[in-house]
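What you are looking at is a predicted structure, and each value in this text was computed from that prediction instead of being measured.
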Amino acid sequence: MHRKLRLIGFGVVALAMLLHFYTAAFKAEGGLGSFSVSLMLWAWLPYLVCSFMLFVTKNSIVPLGGAVAAFGMDVALYLSVFVWPQSSTAPIALLFMQLWNLLLFMPVGMLVGWGILKFRKHKQHAF
(Lines give C-alpha, C1' and ligand atoms only; values in the text may rest on other atoms or scores of the structure.)
Protein backbone atom coordinates (compact mmCIF):
# COMPACT_ATOMS: atom_id res chain seq x y z
CA MET A 1 0.00 0.00 0.00
CA HIS A 2 2.84 2.37 0.83
CA ARG A 3 4.40 1.91 -2.59
CA LYS A 4 1.08 2.60 -4.34
CA LEU A 5 0.55 5.79 -2.36
CA ARG A 6 4.06 6.94 -3.20
CA LEU A 7 3.46 6.30 -6.93
CA ILE A 8 0.13 8.13 -6.77
CA GLY A 9 1.89 11.01 -5.04
CA PHE A 10 4.52 11.25 -7.75
CA GLY A 11 1.76 11.03 -10.35
CA VAL A 12 -0.09 13.97 -8.80
CA VAL A 13 3.15 15.95 -8.65
CA ALA A 14 3.89 15.16 -12.30
CA LEU A 15 0.39 16.19 -13.41
CA ALA A 16 0.64 19.44 -11.46
CA MET A 17 4.03 20.27 -12.93
CA LEU A 18 2.75 19.50 -16.41
CA LEU A 19 -0.25 21.78 -15.83
CA HIS A 20 2.08 24.62 -14.90
CA PHE A 21 4.38 23.91 -17.84
CA TYR A 22 1.38 23.92 -20.18
CA THR A 23 0.18 27.20 -18.71
CA ALA A 24 3.62 28.80 -19.08
CA ALA A 25 4.30 27.46 -22.57
CA PHE A 26 0.91 27.71 -24.24
CA LYS A 27 -1.36 30.01 -22.22
CA ALA A 28 1.08 32.79 -21.36
CA GLU A 29 1.40 35.61 -23.86
CA GLY A 30 4.65 35.18 -25.73
CA GLY A 31 5.11 31.55 -24.67
CA LEU A 32 8.09 30.49 -22.60
CA GLY A 33 9.73 33.75 -21.64
CA SER A 34 11.68 34.63 -18.55
CA PHE A 35 8.56 35.78 -16.67
CA SER A 36 6.47 32.72 -17.52
CA VAL A 37 9.33 30.34 -16.68
CA SER A 38 9.88 32.15 -13.37
CA LEU A 39 6.18 31.87 -12.60
CA MET A 40 6.25 28.18 -13.53
CA LEU A 41 9.22 27.50 -11.25
CA TRP A 42 7.50 29.42 -8.44
CA ALA A 43 4.39 27.28 -9.03
CA TRP A 44 6.48 24.09 -8.84
CA LEU A 45 7.83 24.87 -5.36
CA PRO A 46 5.01 23.22 -3.34
CA TYR A 47 5.29 20.12 -5.51
CA LEU A 48 9.05 19.96 -5.08
CA VAL A 49 8.49 20.04 -1.31
CA CYS A 50 5.98 17.20 -1.63
CA SER A 51 8.35 15.21 -3.87
CA PHE A 52 11.16 15.60 -1.35
CA MET A 53 8.86 14.41 1.41
CA LEU A 54 7.73 11.45 -0.70
CA PHE A 55 11.39 10.42 -0.91
CA VAL A 56 12.28 10.83 2.75
CA THR A 57 9.15 9.83 4.70
CA LYS A 58 7.99 6.33 5.45
CA ASN A 59 4.30 7.17 5.15
CA SER A 60 3.42 8.75 1.83
CA ILE A 61 -0.08 9.82 2.79
CA VAL A 62 1.10 13.10 4.38
CA PRO A 63 2.89 14.50 1.29
CA LEU A 64 0.20 12.99 -0.93
CA GLY A 65 -2.39 15.02 0.96
CA GLY A 66 -0.35 18.18 0.42
CA ALA A 67 0.11 17.52 -3.29
CA VAL A 68 -3.57 16.70 -3.84
CA ALA A 69 -4.71 19.84 -2.01
CA ALA A 70 -2.34 22.12 -3.95
CA PHE A 71 -3.18 20.44 -7.26
CA GLY A 72 -6.90 20.73 -6.59
CA MET A 73 -6.54 24.45 -6.03
CA ASP A 74 -4.37 24.82 -9.14
CA VAL A 75 -6.94 23.03 -11.28
CA ALA A 76 -9.71 25.22 -9.84
CA LEU A 77 -7.64 28.32 -10.58
CA TYR A 78 -6.85 27.15 -14.13
CA LEU A 79 -10.55 26.60 -14.80
CA SER A 80 -11.50 29.97 -13.33
CA VAL A 81 -8.85 31.83 -15.34
CA PHE A 82 -8.80 30.04 -18.71
CA VAL A 83 -12.04 28.07 -19.05
CA TRP A 84 -14.71 30.02 -17.16
CA PRO A 85 -13.26 33.47 -16.42
CA GLN A 86 -15.55 35.65 -14.33
CA SER A 87 -13.59 38.89 -14.58
CA SER A 88 -10.75 40.50 -16.45
CA THR A 89 -8.62 40.46 -13.29
CA ALA A 90 -8.82 36.68 -12.83
CA PRO A 91 -5.27 36.11 -14.21
CA ILE A 92 -3.83 38.12 -11.32
CA ALA A 93 -4.60 35.12 -9.14
CA LEU A 94 -1.93 33.20 -11.06
CA LEU A 95 0.69 35.34 -9.34
CA PHE A 96 -0.56 34.70 -5.80
CA MET A 97 -1.98 31.17 -5.84
CA GLN A 98 1.47 29.64 -5.45
CA LEU A 99 2.00 31.51 -2.18
CA TRP A 100 -1.41 30.31 -0.97
CA ASN A 101 -0.51 26.77 -2.04
CA LEU A 102 2.80 26.93 -0.21
CA LEU A 103 1.54 28.54 2.99
CA LEU A 104 -2.05 27.30 3.29
CA PHE A 105 -3.39 24.60 0.99
CA MET A 106 -0.38 22.25 0.92
CA PRO A 107 0.07 22.37 4.74
CA VAL A 108 -3.66 21.86 5.32
CA GLY A 109 -3.59 18.88 2.92
CA MET A 110 -0.59 17.47 4.78
CA LEU A 111 -2.40 17.98 8.07
CA VAL A 112 -5.38 16.05 6.73
CA GLY A 113 -3.01 13.29 5.56
CA TRP A 114 -1.41 13.21 8.99
CA GLY A 115 -4.86 12.95 10.59
CA ILE A 116 -5.75 10.04 8.33
CA LEU A 117 -2.47 8.36 9.26
CA LYS A 118 -3.11 8.79 12.99
CA PHE A 119 -6.70 7.60 12.61
CA ARG A 120 -5.54 4.46 10.79
CA LYS A 121 -2.89 3.74 13.46
CA HIS A 122 -5.42 4.31 16.25
CA LYS A 123 -7.93 2.05 14.51
CA GLN A 124 -5.30 -0.70 14.10
CA HIS A 125 -4.39 -0.55 17.81
CA ALA A 126 -8.03 -0.74 18.80
CA PHE A 127 -8.36 -4.23 17.36
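The side-chain contact (heavy atoms from CB on, under 4.5 Å) with P63 is formed by just one residue from the set V56, V12, T57; it is T57.
For V13 against A67, the heavy-atom pair with the smallest separation is CG2-CB, 4.1 Å. For the pair A28 and A24, the tightest heavy-atom approach, listed with the atom from each and the gap, is CB-O, 3.4 Å. Across all non-hydrogen atoms, the minimal contact from A69 to G109 is CB-CA, 3.8 Å.
Going from atom CE of M97 over to atom CG of L104 covers 9.5 Å, rounded to the nearest 0.5 Å. Atom CG of L41 sits about 9.5 Å away from atom OG of S36, to the nearest 0.5 Å. For the atom pair CG (L94) and CG (L77), the distance works out to 5.0 Å, reported to the nearest 0.5 Å. Going from atom CG of L103 over to atom CD of Q98 covers 11.5 Å, rounded to the nearest 0.5 Å. Rounded to the nearest 0.5 Å, atoms CG (L102) and CG (L48) are 10.5 Å apart. Interatomic distance, CG of L5 versus CG of L64, reported as 6.0 Å (0.5 Å rounding).
Surrounding CZ of F55 are at most 12 heavy atoms belonging to other residues, nucleotides or ligands under 6.0 Å away.
Aromatic rings from Y78 and F71 are positioned such that their centres are separated by 6.0 Å or more.
Taking hydrophobic clusters as Ile, Leu, Val, Met, Phe, Trp and Tyr residues chained together by side-chain heavy-atom distances below 4.5 Å, L117 does not share a cluster with F119. Linking Ile, Leu, Val, Met, Phe, Trp and Tyr whenever their side-chain heavy atoms come within less than 4.5 Å leaves L18 and V37 in two separate clusters. Hydrophobic cluster membership differs between V62 and L7, with clusters built from Ile, Leu, Val, Met, Phe, Trp and Tyr side chains linked at under 4.5 angstrom.
Legend: residues meeting ring-ring contact (aromatic ring centres under 6.0 Å, His included) with F52, ordered by chain and number and at least two apart, are absent. In this structure, the side-chain hydrogen bond (donor to acceptor under 3.5 Å, both in side chains) partners of D74, at least two apart in sequence or on a different chain, are H20, Y47, N101.
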message = side chain to side chain contact (heavy atoms under 4.5 Å, CB included) for W42 and L95? Distances and angles first, verdict last.
response = CA-CA 9 Å; W42 169 236; L95 298 172; over 6 Å; no
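In this structure, F21 and L32 have side chains that are in contact, with non-hydrogen atoms separated by less than 4.5 Å. Proximity of M110 to W114: side-chain heavy atoms (C-beta onward) are nowhere separated by under 4.5 Å.
Listed for the W44 side chain is a donor-acceptor partner under 3.5 Å among the backbone atoms of M17. Remark: side-chain polar atoms of S60 are not paired, donor with acceptor, to backbone N or O of L54 under 3.5 angstrom.
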